[in-house]
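The basis for the numbers below is simple: all heavy atoms, side chains too, and nothing from hydrogens, waters or symmetry mates.
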Amino acid sequence: MVILNWILIGYSFVFCLSTTILHTAINIPFLILTLLLYIVSLMGRAQHAAFPWIRLILIGLIHYIGNSSFCLPIYILTLFRDIYTEENRKKSWILVASYALIFLFNVYLVKGPSGLLWVYALNSMLDFTAVALLTRATYSTFTQADRLKKERNLYSQQDSLTGLYNYEESHRRLELLIRQKQGLVLILIDCTDLKAMNTSRGFQAGNFILKQMAELLQILFKDALFIARYGGDEFAVVMPLIQEHLSTASFKLKLDSELPKLTGIQITYGIASYPLDGLTKDDLILLAENNLFMKKRESWLKREEHMLRSDKLRVIGELASGMAHEIRNPLTTVKGFLQISKANGYNIENWYSLIMDEINRMSDLTAEFLQFSKPHSIDFRVHSLHECVLKVIALMESEATRFGHQIHYKESMNPVFVLMDQDKMIQLLLNIIKNACEAMEENGVVHMQLSLDPKNATMVIADNGPGIPTEQLEKIFHPFFTTKAAGTGLGLSICYKIVQDHQGTLEVESELGIGTRFIITFPLAEKDSNVEKAANN
């Protein structure tokens, strides 16, 4: 449009010069004045609706005073200019008709009545109509191209989901602000629970939260220099730096309290300020991301601590429930016998042995429970695991024979020394072998094998009993879980705890109809070393 203005100004001077040389102008001073007013109307920045009509009147006067047909290009170029800037199609066609009428009127005044006037009229109408059509087509083409360019720029700068600036644009704008020495605070915000929400409720729920988050950030941080979607579930907010302590306190209040309440999800964030914390964009982003990571880590540790505490409370609840259930059964039996004895003059002789059995059962149960749950000191010393196995076999041999079973032991060719509490180790092996003997039918065999590798000793205890079903295999180490009619369900739990105290591992394999294998590993210790030396090794 600027180029067209200069073309019109240049041609106006040419027209003025030509009319002066050809002596066609009626009044040269008046023509020059009119041309100057026309030029002023072209150069003026005001876009009032009356300006096209003022220019049309001035062109008509120039045509009349100049008294020359060379004025036609001024009509056409000015019409092109005014229609191009006129968005209303109806006003454009009224302007075209007005240009044609003014032009014909001037032709009539200059040439007078003539038979060729209709030819001028038809020709001018065709010229002005063609100009109008060409102008509208050009305007539509350029407008569409400009719109596409703006949309392209918009998509390259903004996030399509939230409408905020995207990652690349946020970096560009942050770099620009730092170059301008603008004091600012960079806040990186992470929607911690969004990934879990996408998994549990689908991406639509996650996208809804992201949109809501973008709207809330624009409301809460309305004075922001810019807000951007920094990543998948991260946002960046850049605020002007006023006073470091006041700004940070205000931001933390919104991020710790207001935003989580409004969105219903957990928020973690990292804050860094320019120029207090960093002098370059990369330094600032690195510090903010590091602060964000530390916040995430702190939040994760708190969550883990809460889950661990909840898990402990759950286990305590299960233990208390199981213990109450196991003690209530013999208490119910004793209570029943005492109620019967009341009717017999409190003569409990007939039920004495049964009552004592139940009381002993309760005593054994509480003793095992205390052994399982009460923290106690363990006397760790280096002992031969082979000797422990021999003691256990000696203790269990008579009971195994009573059940009709055999114990086969395959020892290691090399000495096996382990840092252990010998009494606890014997208790561990006794419990497992006793369970094997009770599980097998007559003429069963318990196989024991001791082996070692450079770091660990491995003890395998296998039976040929009925095996353990798969659904029960995962529960056998749970407190109070038992398949025995008179069992407490604490034996294997105690075994597992003893193995843990010795820094070992306890695994079980079972197949129905074939039998069960317990695989126990312990770290090796050096022979003849004392407790401290073995512990250090």
Side-chain angles (χ1 to χ4, degrees), residues 146 148-192 194-195 206-207 209-260 262-263 265-300:
D146 187 56
L148 290 173
K149 183 180 179 181
K150 288 181 179 178
E151 289 178 357
R152 198 161 45 244
N153 291 335
L154 188 65
Y155 287 133
S156 67
Q157 295 177 359
Q158 292 188 345
D159 174 61
S160 57
L161 178 65
T162 61
L164 302 175
Y165 291 120
N166 57 24
Y167 177 84
E168 292 80 8
E169 184 64 17
S170 66
H171 275 255
R172 192 188 69 79
R173 289 181 173 269
L174 186 60
E175 179 75 33
L176 182 62
L177 289 170
I178 291 176
R179 284 180 187 173
Q180 295 172 352
K181 307 295 182 183
Q182 168 73 54
L184 56 87
V185 178
L186 171 63
I187 309 171
L188 295 182
I189 303 170
D190 181 82
C191 304
T192 309
L194 200 61
K195 291 184 179 66
N207 290 341
I209 291 293
L210 287 173
K211 292 179 182 177
Q212 184 186 32
M213 187 78 174
E215 293 173 359
L216 289 173
L217 287 175
Q218 293 178 83
I219 295 171
L220 293 176
F221 299 96
K222 58 184 177 181
D223 297 328
L225 297 173
F226 70 84
I227 301 174
R229 186 182 177 190
Y230 196 71
D233 53 0
E234 292 185 0
F235 293 87
V237 179
V238 176
M239 298 292 293
L241 179 65
I242 304 172
Q243 293 182 23
E244 172 66 11
H245 298 295
L246 293 178
S247 298
T248 303
S250 173
F251 301 153
K252 286 183 177 180
L253 176 63
K254 294 176 180 179
L255 295 167
D256 289 333
S257 178
E258 296 181 27
L259 201 56
L262 293 171
T263 58
I265 62 173
Q266 186 179 357
I267 303 296
T268 52
Y269 59 89
I271 299 177
S273 59
Y274 170 84
L276 300 175
D277 298 326
L279 297 176
T280 65
K281 179 199 74 173
D282 293 337
D283 290 343
L284 204 63
I285 291 175
L286 184 63
L287 182 59
E289 288 180 344
N290 182 64
N291 291 337
L292 175 62
F293 171 77
M294 295 304 293
K295 272 277 188 180
K296 280 185 178 180
R297 184 174 179 275
E298 182 183 344
S299 175
W300 181 81

Calculate, to the nearest 0.5 Å, the distance between atoms [atom1] and [atom2] belonging to [X] and [Y] respectively.
X      : Y      : atom1 : atom2 : answer
Leu292 : Lys296 : CG    : NZ    : 5.0 Å
Leu284 : Glu289 : CG    : CD    : 10.5 Å
Ile271 : Asn291 : CD1   : CG    : 8.0 Å
Thr280 : Leu286 : OG1   : CG    : 9.0 Å

>> Quick check on side chain to side chain contact (heavy atoms under 4.5 Å, CB included): which of Val185, Leu184, Leu225, Leu177 does Pro240 satisfy it with?
In response: Leu225

>> Holding to side chain to side chain contact (heavy atoms under 4.5 Å, CB included), I want the full list of residues that pass it with Leu279, two or more places apart in sequence or in another chain.
In response: Tyr274, Pro275

> How about Phe235 and Tyr230: are their ring centroids closer than 6.0 Å?
Replying inline: no

>> Under a 3.5 Å cutoff, is there a donor and acceptor pairing between the side chains of His171 and Tyr165?
In response: no

List the atom pairs, with distances to 0.1 Å, where a side-chain N or O of residues 210-217 and a protein N or O form a donor-acceptor pair under 3.5 Å, not counting sequence neighbours.
none

> So, the side chain of Asp277 versus the backbone of Ser273: is there a donor-acceptor pair under 3.5 Å, distance only?
Replying inline: yes

> Is the side chain of Asp190 donor-acceptor paired with the backbone N or O of Thr268 at a distance under 3.5 Å, no angle test?
Replying inline: no

> Does a side-chain N-to-carboxylate-O contact under 4.0 Å join Arg172 and Glu169?
Replying inline: yes

Taking side chain as C-beta onward, heavy atoms only, is [X] less than 4.5 Å from [Y]?
X      : Y      : answer
Phe226 : Leu174 : yes
Phe221 : Ile187 : yes
Val238 : Arg173 : no

> What are the two closest non-hydrogen atoms of Ile267 and Leu255, and how far apart are they?
Replying inline: CB-O, 4.1 Å

> How close do Ala288 and Leu188 get, heavy atom to heavy atom, and via which atoms?
Replying inline: CB-CD1, 3.8 Å

